[in-house]
Amino acid sequence: MSGGGCSIVWFRRDLRVEDNPALAAGVRAGAVVAVFVWAPEEEGPYYPGRVSRWWLKHSLAHLDSSLRSLGTCLITKRSTDSVSSLLEVVKATGATQLFFNHLYDPLSLVRDHRAKELLIAQGIAVRTFNADLLYEPWEVNDAQGRPFMTFAAFWERCLSMPYDPDSPLLPPKRIISGLCLKHSFTACMWEGYNGNLTSFAKISNDAHWELIYFHPSYIFSDSTSGVANIAANIVCSHSGDICRCPSDTLVFEDESEKGSNALLARAWSPGWSNADKALTTFINGPLIEYSKNRRKADSATTSLLSPHLHFGEVSVRKVFHLVRIKQVSWANEGNKAGDESVNLFLKSIGLREYSRYMSFNHPYSHERPLLGHLKFFPWVVDEGYFKAWRQGRTGYPLVDAGMRELWATGWLHDRIRVVVSSFFVKVLQLPWRWGMKYFWDTLLDADLESDALGWQYISGTLPDGREIDRIDNPQFEGYKFDPNGEYVRRWLPELARLPTEWIHHPWNAPESVLQAAGIELGSNYPLPIVSIDAAKARLQEALTDMWQQEAASRAAIENGTEEGLGDSSEAAPIAFPEDIQMEENHEPARNNPPTTIRCYEDQMVPSMTTSLVRVEEEESSSDLRNSAENSRAEVPRNVNVNVNQEPRRDTLNQGVLPTVRDNNPLPQFNIAGGLGNAEDSTAESSSTSRRERDGGVVPVWSPSTSSYSEQLVGDENGIGTSSSYLQRHPQSHQIMNCRRLSQTG
DNA sequence: AGACTGTTGTT
DNA sequence: ACAACAGTC
């Protein structure tokens with residue numbers, strides 16, 4: 001047990017004991033205090049939704065029981081400030097080290113950096129790890145060392161990296177609890193134990209210890225470890241001397257939510273060992289047919305791993321390795337379909353990687369388009385549309401079935417997510433952030449990075465995203481993904497008796513057919529809220545409009561008369577509708593075609609800004625004011641994948657960062673790094689070049705106080721790239737800011 | 001037959 | 001935007 005005090009392992013979205021580098025490091029270093037801090041207010045508008053909280057609750061309980069069987073427990077803290085809660089735990093336990101795994105969403109980058117700074121200032125050694133990705137975002141660059149702008153190039157690079165992702169770590173065999181009992185106490189209690197649980201408990205009580213968990217097998221299995229384990233599972237209830245670190249009870253659901261949540265347990269089993277089972281089931285079952293089945297909307301052909309992956313119940317590296325093993329064996333058998341299926345499945349894993357990559361490189365991508373060319377798109381601000389979409393009453397059966405399933409189960413097949421979100425953006429022309437927020441509130445696997453990537457893709461604001469002027473037709477998609485109409489019939493009982501021929505376009509069905517099916521369009525099932533033709537025309541108008549606005553803005557800027565419309569638009573974002581609750585009784589949204597209100601301002605979820613401002617204030621001591629144009633998380637040049645560089649060993653124990661020293665302050669980013677090479681013995685022995693384990697350096701993005709609004713503009717125009725859109729609409733290119741391209745090198 | 005139109009897949 | 005494909009005239 002080196003270093004005296006115990007280690008704190010801070011769990012976040014890595015709720016597993018297997019292949020958890022932070023936990024492994026803690027166990028290796030000695031006694032461990034496992035902590036989870038529940039501070040949802042820190043997430044601002046991204047306060048987790050009901051089903052997401054339900055999952056978290058069960059996942060934490062699962063983790064706690066796993067930790068208990070290993071010899072410790074999960075300390076839970078309710079907080080509005082994770083970092084100060086961590087500090088409290090440090091003080092209460094006398095811990096000398098903190099370990100945690102990286103996250104890549106903008107709020108976490110800021111918070112984790114602050115945690116690191118504060119704890120280091122308290123003399124705590126902090127080390128952080130990669131547990132969430134195959135490769136850290138800063139490891140994957142093009143030949144010039146710049147980050148990729150398109151998924152295909154990114155993923156190709158990932159698959160051809162010179163070194164493989166780390167192999168998954170085994171779970172610890174035993175964890176020595178850092179809720180430290182003094183040896184004398186332990187011995188005393190052990191001596192006092194006479195094989196009778198009651199008397200043991202009495203002794204415990206006398207000593208102001210409360211037995212909170214006890215498993216007799218510990219005692220009889222092995223006398224030495226039995227002592228340790230008994231000790232480990234006792235927490236002091238006395239607020240006095242040795243351990244002042246009781247858990248808070250975390251509340252994840254209110255009374256009104258319990259009923260709805262009860263259904264979830266029938267379909268889902270949170271927790272890392274269930275995630276493992278889901279993975280095994282998938283690999284041995286649907287995986288081989290994955291390619292063939294990918295068109296089917298309803299079906300257990302997907303992995304169903306997304307919520308498990310979101311909470312880190314299973315590591316992506318484990319998924320990757322196991323799937324790859326299958327692929328090799330199928331390839332050897334000449335099973336082309338299996339081989340192809342693995343490639344496709346891995347691609348979806350790659351998209352998840354890419355979402356973190358994008359979030360890290362463009363920290364505002366969850367709230368601001370990556371391409372600025374839609375800045376003047378006249379979004380339709382119509383809460384009636386929004387409500388009809390949420391309730392599954394758009395009149396397009398496939399869309400409505402999807403939205404009903406989402407509400408009922410918190411889950412949607414990826415194809416259907418594309419269908420409903422594309423409909424949202426292209427047909428209804430609602431601001432995409434509304435849709436993203438609704439997904440956030442309702443999806444079991446709500447994931448800021450993945451969802452932002454998905455919605456930006458759909459909205460055409462990625463260099464390789466869908467074209468804005470392309471409208472998918474839910475009728476055709478219906479026959480493609482749900483050829484027999486089973487999916488629609490399951491979720492739209494009112495259409496259940498409609499023949500397949502009309503199931504995806506009931507508005508074309510003869511009156512007699514509708515009558516026979518008991519359907520009265522406009523009454524018990526709506527007519528299409530917008531016809532596809534009308535949507536196409538309206539989209540064309542909107543785009544023309546957008547180009548005019550854009551030209552006007554450009555002219556104004558060139559004349560120097562105006563700052564441009566861009567700034568004012570950013571100042572007045574489209575507010576997210578307050579009342580987003582799904583009404584239980586569906587009022588048919590009929591006969592009152594919503595009046596269309598166009599809004600030129602780019603949409604914004606306003607409270608997000610608030611939360612950032614708050615963080616900025618807290619961060620303002622950090623001396624990293626910066627240029628507006630640089631919003632990419634910079635990785636210092638000396639962070640290199642090549643292990644031959646032997647970086648910064650001297651800072652090992654403090655986890656302090658080199659950049660400050662090398663007198664070459666980065667414009668915007670601090671480097672907060674666990675420079676952990678303590679474990680090199682395992683990792684670096686191979687002769688091939690390897691990256692540093694444990695991430696080496698963690699660049700952390702710090703928002704600046706002064707230049708927030710400038711950044712908005714800067715970043716929004718940020719990605720100048722040879723996207724197809726720009727080639728077709730070169731006028732958009734005029735307002736692109738390409739400066740950043742050259743400066744990342 | 002060959003041009004034309006429309007759809008799909010592309011994160 | 002582009003390629004691949006299907007269906008139409």
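Below, chain A is the first sequence line, B the second, and so on; all start at residue 1. The basis for the numbers below is simple: all heavy atoms, side chains too, and nothing from hydrogens, waters or symmetry mates.
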| said: By nearest atom, which of the nucleotides B:dT10, B:dT7, B:dT11 is closest to the A:R470 side chain? | reply: B:dT10
| How close or far is atom P of B:dG9 from atom CG of A:L344, stated in whole angstroms? | 12 Å
| said: If I take atom NZ in residue A:K347 and atom P in nucleotide B:dG9, what distance separates them, rounded to the nearest angstrom? | reply: 12 Å
| Pi stacking test for A:Y457 and B:dT11: under 5.5 Å apart, planes under 30° | yes
| request: Nearest whole angstrom, please: distance from the C1' of B:dT7 to the CD of A:E477. | output: 11 Å
| remark: Considering only heavy side-chain atoms of A:F476, the closest of B:dT11, B:dT7, B:dG9 is B:dT7
| remark: To the nearest angstrom, the CG-P distance between A:D469 and C:dC2 comes to 14 Å
| request: Quickly work out the A:D464 CG to B:dG9 P distance and round it to whole Å. | output: 18 Å
| message | As a quick check of understanding, evaluate side-chain contact (heavy atoms from CB on, under 4.5 Å) for A:K296 and A:F481, giving each step before the final call. | response | CA-CA 5 Å; A:K296 299 287 189 303; A:F481 302 139; over 6 Å; no
| query | Whole Å only: how far is the CE atom of A:M149 from the C1' atom of B:dT11? | reply | 15 Å
| A:W455 and A:F439: aromatic ring centres closer than 6.0 Å? | yes
| request: Once you apply the 3.5 Å cut-off to both distances, tell me the Watson-Crick or G-U wobble partner of B:dG9, or none. | output: C:dC2
| field | A:D472 CG to B:dT7 C1', straight-line distance once rounded to whole Å | value | 10 Å
| said: Can you tell me if A:K480 touches the phosphate of B:dG9, counting only side-chain N or O atoms and a distance under 4.0 Å to OP1 or OP2? | reply: yes
| task | Report the distance from atom CZ of A:F481 to atom C1' of B:dG9, rounded to the nearest whole Å. | result | 10 Å
| message | Any salt bridge linking A:D132 with A:R356? Criterion: basic side-chain nitrogen under 4.0 Å from a carboxylate oxygen. | response | yes
| NZ/NE/NH1/NH2 to OD/OE distance under 4.0 Å, A:D447 and A:R13 | no
